[in-house]
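Contents: one structure, followed by commentary.
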Amino acid sequence: MNHAPKRKEILSRDEKKLAIRNALRYFPPAWHSELSAEFAMELEKYGRIYMYRFKPGYKIHARPISEYPAKTVEGAAIMLMIQNNLDPEVAQHPEELITYGGNGAVFQNWAQYLLTMQYLANMTNEQTLHMYSGHPMGLFPSSKEAPRVVITNGMMIPNYSSQDDWEKFNALGVTQYGQMTAGSYMYIGPQGIVHGTAITVMNAFRKVLLKTESPNGKIFLTAGLGGMSGAQPKAGNIAGCITVCAEVNEAAATKRYSQGWVDELHDDMDSLIRRTKQAIAGNEILSLAYVGNVVDVWERFYEEELFIHLGSDQTSLHNPWAGGYYPTGLTFEEANIMMAENPELFKEKVQESLRRQVNAINKHSEKGTYFFDYGNAFLLEASRAGADVMSENNIDFKYPSYVQDILGPMCFDFGFGPFRWVCTSGNPEDLQKTDEIALSVMQKIRNSAPEEIQQQMEDNIKWIREADSNKLVVGSQARILYADAEGRIKIAQAFNKAVSSGKISAPIVLGRDHHDVSGTDSPFRETSNIYDGSQFTADMAIHNVIGDSFRGASWVSIHNGGGVGWGEVINGGFGMVLDGSAGASKRLKNMLFFDVNNGISRRSWARNKEALFAIKREMKRSPNLKVTLPNIVADKLLDGLFE
Ligand SMILES: NC(=O)c1ccc[n+]([C@@H]2O[C@H](COP(=O)([O-])OP(=O)(O)OC[C@H]3O[C@@H](n4cnc5c(N)ncnc54)[C@H](O)[C@@H]3O)[C@@H](O)[C@H]2O)c1
């Protein structure tokens, strides 16, 4: 079992007592004396109180929806989604209720899990369950039209959003870091990310190669084989390049290898170099995992004069001091001990390592490597470490983020994002039928799609056609497909009809990653291609979650910190159950339309060309949509204004 690292000691003696008092409020006083000693031990030993003894003995995994003892179809569907997020096959640290990203939690402790499952089982369709950072506050009377669950994770008073605030308030048991899909019960395993990563890698190669060149035999160097980063080698294979991916944690590397997500494992640098050279010579499509530190790979590849076409990094730098980034020069075990026992020294080691990594990247990029930040706060943390990553104006980074150059202008601004669905029957045949339905809807849309989005349509049609044979399912029977508002609505309508006619045997859950057009305000990632200053505001994500909640979402969630870290982002998401009813058909149309176009309108107000195109097109098709459009100011008018 892959356990979460010990969290650093942050509570004072009085605060530790408060943490125990907080934990014990879940239990009758007769149990307090025994549990207090046990919880104190957990707090000292792991830095958190997980309440391990309350982890249920039954197997946790997504069961067919009919097996859940619930009064509502939504309640059962949400139980299924929660269990999928905690399935040991799917989750990164399942015993600590962490799904991915090192600290992306579904719950803070097992008592919260048990209580929540019980509430969901008993909930009627005139009640709503309110979740405060993993804690089920309770069922409140509402209405049939209301969301069944409202989730917040890590919502803090803004001044209390530093990394150490997370350590402290999470250790006290009053908040948690929900990442994106972890705390919103929408994680579908690394598949969710393979698609986005494949699109990113394919488009990055399109940027650096001539139209006549192929990515075969060309190197994509990166790091991380964890929850999301584990998708990189698979995506590299789909894009057709040589992926070299370093991973310091042998257990993580071996897991991905045994799942078939990476072709070869190398724990010796010389053997990695030999194999890479052979793959270049043979123009191969291949993925290589190096069990070791990525800094060493960047440096050694430079010495060996190996040309890297694409470079990136997916270590968890949103969580730099607690196991997200392992510094070079220390073994994995040494680093784990140091981060808990000597956090100050560990921080220095991380920063020194980042400076070394950036020096090596800079040398490669002088030779022509295209390096991009993969939304893991790499450039942000490297800049904080004093690494040479700033551009001449000292405001921007010298490298783009993948959203600035690729996903923003090519996908999000047009409304394309990580739409996904789960077949709650658990039957792979249902999933195949949904793939076929989605393919035929996309093909129809492509025939009349404008030139501007033809490439997107082609990439996504290819993806869905090959999805089954790429064997991407881990956990629930789920699929991801980048689609725009039109695609999402038409696919969802077709699914709802198929459920209603019995062609598909059980309801379908719709959702998406928060990492989307509209869900996330994140100046260093999803909204890094917003240039009107509003990238530091979070109105869009808040409107997203409130707007979705009264337009028919079955559950909504709003988080602090998903992806890039606590205090750096606000992100929202939803889940929607399609039960084949007329009500579901109305809800999906209303909600999915807003869920995408809210983001496009904000992006167009920020003067993004592609978003302006998309929102004008949508207003023509939808007379009820009236969006405020920006007037564009000529540069020369401003040039002389303040001289
Ligand atoms: N895949 C995507 O599309 C995507 C998109 C946006 C952001 N991200 C970001 O990518 C990061 C990774 O996400 P994750 O879920 O995979 O996290 P994770 O913690 O599960 O995986 C990161 C892995 O990096 C390894 N690692 C850390 N330092 C290393 C080093 N110096 N050398 C080699 N390996 C090292 C860790 O052992 C770990 O297994 C997160 O910050 C996430 O927000 C991913």
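Both backbone and side-chain heavy atoms feed into the values below; hydrogens, waters and symmetry mates do not. Every value quoted in this text rests on a predicted model; they were computed, and no experiment measured them. FYI, the numbering just counts along the sequence from 1. Just so you know, ligand 1 is whichever comes first in the structure, and atom 1 is the first atom listed for that ligand.
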Which atoms from ligand 1 have a heavy atom of [X] less than 4.0 Å away?
{"X": "Gly102", "result": "19 (O)"}
{"X": "Tyr100", "result": "15 (O)"}
{"X": "Tyr402", "result": "5 (C), 6 (C)"}

Shortest protein heavy-atom distance from [atom], along with the residue and atom involved:
{"atom": "atom 34 (N) of ligand 1", "result": "Val248 N, 3.3 Å"}
{"atom": "atom 19 (O) of ligand 1", "result": "Ser316 OG, 2.7 Å"}
{"atom": "atom 27 (C) of ligand 1", "result": "Gly324 O, 3.3 Å"}
{"atom": "atom 43 (O) of ligand 1", "result": "Gly563 O, 2.7 Å"}
{"atom": "atom 39 (O) of ligand 1", "result": "Glu247 OE1, 2.7 Å"}
{"atom": "atom 24 (O) of ligand 1", "result": "Gly224 CA, 3.5 Å"}
{"atom": "atom 29 (C) of ligand 1", "result": "Thr315 CG2, 3.2 Å"}
{"atom": "atom 14 (P) of ligand 1", "result": "Met228 N, 3.4 Å"}

Using heavy atoms and a threshold below 4.0 Å, how should the contact between [X] and ligand 1 be classified: side chain, backbone, both, or neither?
{"X": "Ile193", "result": "side chain"}
{"X": "Phe332", "result": "neither"}
{"X": "Gln357", "result": "neither"}
{"X": "Gln92", "result": "side chain"}

Worksheet item: Under a heavy-atom criterion of less than 4.0 Å, does Ala246 contact ligand 1?
Response: yes

Worksheet item: So is Ser353 in contact with ligand 1, going by heavy-atom distances below 4.0 Å?
Response: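 Ser353 does not count as a contact of ligand 1 under the 4.0 Å cut-off.
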
[X] [atom1] to [Y] [atom2] distance, which is reported to the nearest 0.5 Å:
{"X": "Asp313", "Y": "Ser229", "atom1": "CG", "atom2": "OG", "answer": "9.0 Å"}
{"X": "Leu86", "Y": "His93", "atom1": "CG", "atom2": "NE2", "answer": "13.0 Å"}
{"X": "Asp373", "Y": "Ser312", "atom1": "CG", "atom2": "OG", "answer": "6.5 Å"}

[X]/[Y] ion pair, N-O < 4.0 Å:
{"X": "Asp270", "Y": "Arg300", "result": "yes"}
{"X": "Lys347", "Y": "Glu344", "result": "no"}
{"X": "Lys55", "Y": "Glu95", "result": "yes"}

Worksheet item: When you measure from atom 21 (O) of ligand 1 to each heavy atom in Gly226, Ala231, Ala253, Pro5, which option holds the nearest one?
Response: Gly226

Taking distance alone, with N or O pairs closer than 3.5 Å, would you say [X] contacts ligand 1?
{"X": "Gly227", "answer": "yes"}
{"X": "His318", "answer": "yes"}
{"X": "Gln179", "answer": "no"}
{"X": "Gly230", "answer": "no"}

Centroid-centroid under 6.0 Å between [X] and [Y] rings:
{"X": "Tyr399", "Y": "Phe378", "value": "no"}
{"X": "His195", "Y": "Phe419", "value": "no"}
{"X": "His318", "Y": "Tyr177", "value": "yes"}

Worksheet item: Would you call the rings of Tyr374 and Tyr402 parallel, tilted or perpendicular, where under 30° means parallel and over 60° means perpendicular?
Response: tilted

Discussion item. Is the ring pair Tyr50/Tyr46 parallel, tilted or perpendicular, if the boundaries are 30 and 60 degrees?
Written reply: tilted

Worksheet item: Looking at Asp521, Thr520, Asp595, which hits side chain to side chain donor-acceptor pair (under 3.5 Å) with Asn544?
Response: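 Going through the options one by one, the only one that passes is Asp595.
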
Discussion item. Would Arg48 pass as a cation-pi partner of Trp166, given that its NZ or CZ must be under 6.0 Å from the six-membered ring centre and within 45 degrees of the axis?
Written reply: yes

